[in-house]
Protein chains: 2
Amino acid sequence: MALTDTNSWTGIREELLRRIHDRVWEPGAQIPHEADLAEEFGCARTTVNRALRDLAESGLVIRKRRAGTRVALNPPQRATLTIPIIREEVEALGKTYRHSLLERAYQPVPPMLHGVFHASLGDDVLYLKTLHFADDRPYAFEERYINLDTVPEARQRKFEVSSANEWLVHNAPYSRGDLSFSALNANEDTARILDCTPGTALFAMERITWTGDAPITHVKLIFAPGYRMRSRI
Amino acid sequence: MALTDTNSWTGIREELLRRIHDRVWEPGAQIPHEADLAEEFGCARTTVNRALRDLAESGLVIRKRRAGTRVALNPPQRATLTIPIIREEVEALGKTYRHSLLERAYQPVPPMLHGVFHASLGDDVLYLKTLHFADDRPYAFEERYINLDTVPEARQRKFEVSSANEWLVHNAPYSRGDLSFSALNANEDTARILDCTPGTALFAMERITWTGDAPITHVKLIFAPGYRMRSRI
DNA sequence: AAAGATAATATGCATGCACATATTAACGTG
DNA sequence: CACGTTAATATGTGCATGCATATTATCTTT
């Protein structure tokens, strides 16, 4: 009883979704195999495959060769969040962006990053402290370590006009990254920098990116009070 | 000079990625169209299409009919984060999970949610306050509103044995949701509940889910101090 | 009966082809 | 010359088919 009259792959996806939502196929249950579904919908197996692949990507069904396709028992709730370049994020709010470089230094790899920047223990890394503004009010405070082994060109850059954030995105694309989000209390320093009272709860994001096996950079972003990170599912 | 000898769609994707990373095709530049690439790689256009579609999905290239495919100017940084069921998250840490229902009441729609639960203004919603534990230590504090118009079966559930979190995932799958993350200072109440000192920075997640146009539930989760949400890119 | 080889099967992927659709460029007409 | 119409084009999608590959079931062999 497919109400979705189309036999487009999206149409078939909708119908499959409906059957999962309406528990025609219970969680954990095996669903008919591609060939059968193709026959039922009167379409090619390729088309059913496309629909099923899409559902598998979103985690709603689990597919294994030979074993078949089954409805996921605990549909993992996946959300894709887009982490914009800070300038764009600020400008999207209709505010004017600027940033100021608070510090730029060459340092030995800090202990915290020994595990990550393992290869270059003796060498220096570039350390940057940047403050991002929205309409002249502090928006986010950035602390960054750049691996000069991987991105030697960074040595030549001052990062005063275009931020490291932006420059790296355009010049050192990464293939892999770890992200983490947390909440922390503002200490004296960050409170002063972000213009808030010490102790205020702040939203923080940490990110390490690699290209292949070579670490590129470690960033810690601490946002001004009231920051919300949004996403759709 | 395709080093990737395979002509699988993943192989082609790798080669295209390489060209983008190595700036053979600069950001914003148009790349050859599918037919040409297919000829170059000696494969079917469909295969190139698959590779390009994948790159477009991750936001690295922008595709438009007739206009062609071009390298994204500002490759948006997308991260997919999986939001697990709290019980599973706790058990994955090797700790024992339990939860306790602190409050269960029928309430009129709170003003905060008027915009969301618009249809059911006069009606009541189910309000739940739950505390999640990991090894008998508070892990997260949950405040939830359930729309009884959408999920009337929730009226019969006590949510003492299985949490609302879990029950809803299995019984009211959603099609759409809004997520937001923020940091907040513990007030007297949450400090007492989560066993920390008032003022501590806490990580909070808010989520509203819909099935079609009907709102299902609104949840606010406040995690115990030290919580980190992790993700890979 | 346990262990290893082998066959069966469901999904994964590649191909060649045809047509749909969105978008841009070219054209023609008032 | 402005503006609407038409044609050209690149991507999007569907189909039929064949082979690849992972995994399970079955059948040997010791």
Side-chain angles (χ1 to χ4, degrees), chain A residues 2-17 19-20 24-73 75-76, chain B residues 2-17 19-20 24-73 75-76:
Chain A
L3 293 177
T4 48
D5 40 7
T6 62
N7 60 343
S8 64
W9 72 271
T10 46
I12 288 172
R13 183 188 55 187
E14 289 323 303
E15 173 59 15
L16 299 177
L17 258 176
R19 293 190 190 180
I20 292 171
V24 177
W25 297 322
E26 306 246 326
Q30 194 150 11
I31 76 180
H33 61 258
E34 295 186 350
D36 285 358
L37 288 171
E39 197 186 353
E40 183 194 336
F41 292 124
C43 69
R45 189 169 76 88
T46 322
T47 312
V48 173
N49 182 286
R50 186 98 158 74
L52 282 173
R53 245 194 304 134
D54 194 79
L55 289 178
E57 222 165 78
S58 69
L60 252 147
V61 300
I62 313 280
R63 317 196 71 195
K64 267 194 219 160
R65 288 194 182 178
R66 160 74 197 176
T69 305
R70 40 184 71 241
V71 181
L73 261 178
Chain B
L3 291 178
T4 47
D5 41 6
T6 63
N7 60 344
S8 65
W9 74 268
T10 45
I12 289 173
R13 184 188 53 187
E14 288 323 302
E15 173 58 15
L16 299 178
L17 256 176
R19 293 190 189 179
I20 292 171
V24 178
W25 297 322
E26 308 246 327
Q30 194 149 8
I31 76 181
H33 61 257
E34 295 187 349
D36 284 359
L37 289 171
E39 197 184 357
E40 182 193 338
F41 292 123
C43 70
R45 188 171 76 89
T46 319
T47 311
V48 173
N49 182 286
R50 184 97 160 75
L52 282 173
R53 243 193 307 135
D54 194 78
L55 290 178
E57 221 164 80
S58 70
L60 253 146
V61 301
I62 312 281
R63 319 196 70 198
K64 268 194 220 160
R65 291 191 182 180
R66 160 72 201 181
T69 305
R70 39 185 69 243
V71 181
L73 261 177

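Residue numbers begin at 1 in each chain, while the letters A, B, ... track the order of the sequences. Quick caveat: nothing in here was measured; it's all calculated off a predicted structure.
Atom P of nucleotide D/dT9 and atom NE2 of B/His33 are separated by 10 Å, given to the nearest angstrom. In this structure, the CZ atom of A/Phe41 is 13 Å from the P atom of D/dG14, given to the nearest Å. Rounded to whole Å, the distance from CZ on B/Arg53 to C1' on D/dG14 is 12 Å. Remark: C1' of D/dT17 and CD of A/Glu34 are 14 Å apart, rounded to the nearest angstrom. Remark: P of C/dT11 and CG of A/Asp54 are 16 Å apart, rounded to the nearest angstrom. As rounded to whole Å, 13 Å separates atom C1' of C/dT11 from atom CG of A/Asp36. One atom, CD1 of B/Ile31, and another, C1' of D/dT11, lie 12 Å apart when rounded to the nearest Å. For the pair A/Gln30 CD and C/dT9 P, the interatomic distance rounds to 14 Å; values are reported in whole Å.
Side-chain proximity of A/Cys43 to the nucleotides D/dT13, D/dC15, D/dT11 is greatest for D/dC15. Closest to the side chain of A/Arg66, from the set D/dA22, D/dC15, D/dT11, is D/dA22.
Between D/dT13 and A/Arg50, a contact under 4.0 Å exists linking OP1 or OP2 to a side-chain N or O. The phosphate of D/dT13 (OP1 or OP2) has no side-chain N or O of A/Thr47 nearer than 4.0 angstrom. Residue B/Thr46 places none of its side-chain N or O atoms closer than 4.0 Å to OP1 or OP2 of C/dG16. Applying the 4.0 Å criterion to OP1 and OP2 of D/dA10, one finds that B/Thr69 has every side-chain N and O outside that range. The shortest distance between the side-chain N/O atoms of B/Arg45 and the OP1/OP2 oxygens of C/dT15 is not below 4.0 Å. For D/dG12, the OP1/OP2 oxygens have a side-chain nitrogen or oxygen of B/Asn49 closer than 4.0 Å.
The residue from B/Leu60, B/Ile12, B/Leu16, B/Thr47 that alone fulfils the side chain to side chain contact (heavy atoms under 4.5 Å, CB included) condition with B/Leu52 is B/Leu16.
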| field | Test log, rule salt bridge (Lys or Arg N to Asp or Glu O under 4.0 Å), inputs A/Arg53 and B/Glu57 | value | CA-CA 14 Å; A/Arg53 245 194 304 134; B/Glu57 221 164 80; over 6 Å; no

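The minimum heavy-atom distance between B/Ala72 and B/Gly59, with the atom names listed, is CB-O, 3.4 Å.
Remark on DNA chain D: of its neighbouring residues A/Arg65 and A/Ala44, the 5'-side contact belongs to A/Ala44, judged by nearest-heavy-atom nucleotide.
Note that the CD1 atom of B/Ile31 and the OG1 atom of B/Thr69 stand 5.0 Å from one another [nearest 0.5 Å].
Summarising the local packing, CD of B/Glu39 is surrounded by 12 or fewer heavy atoms from other residues, nucleotides or ligands at distances under 6.0 Å.
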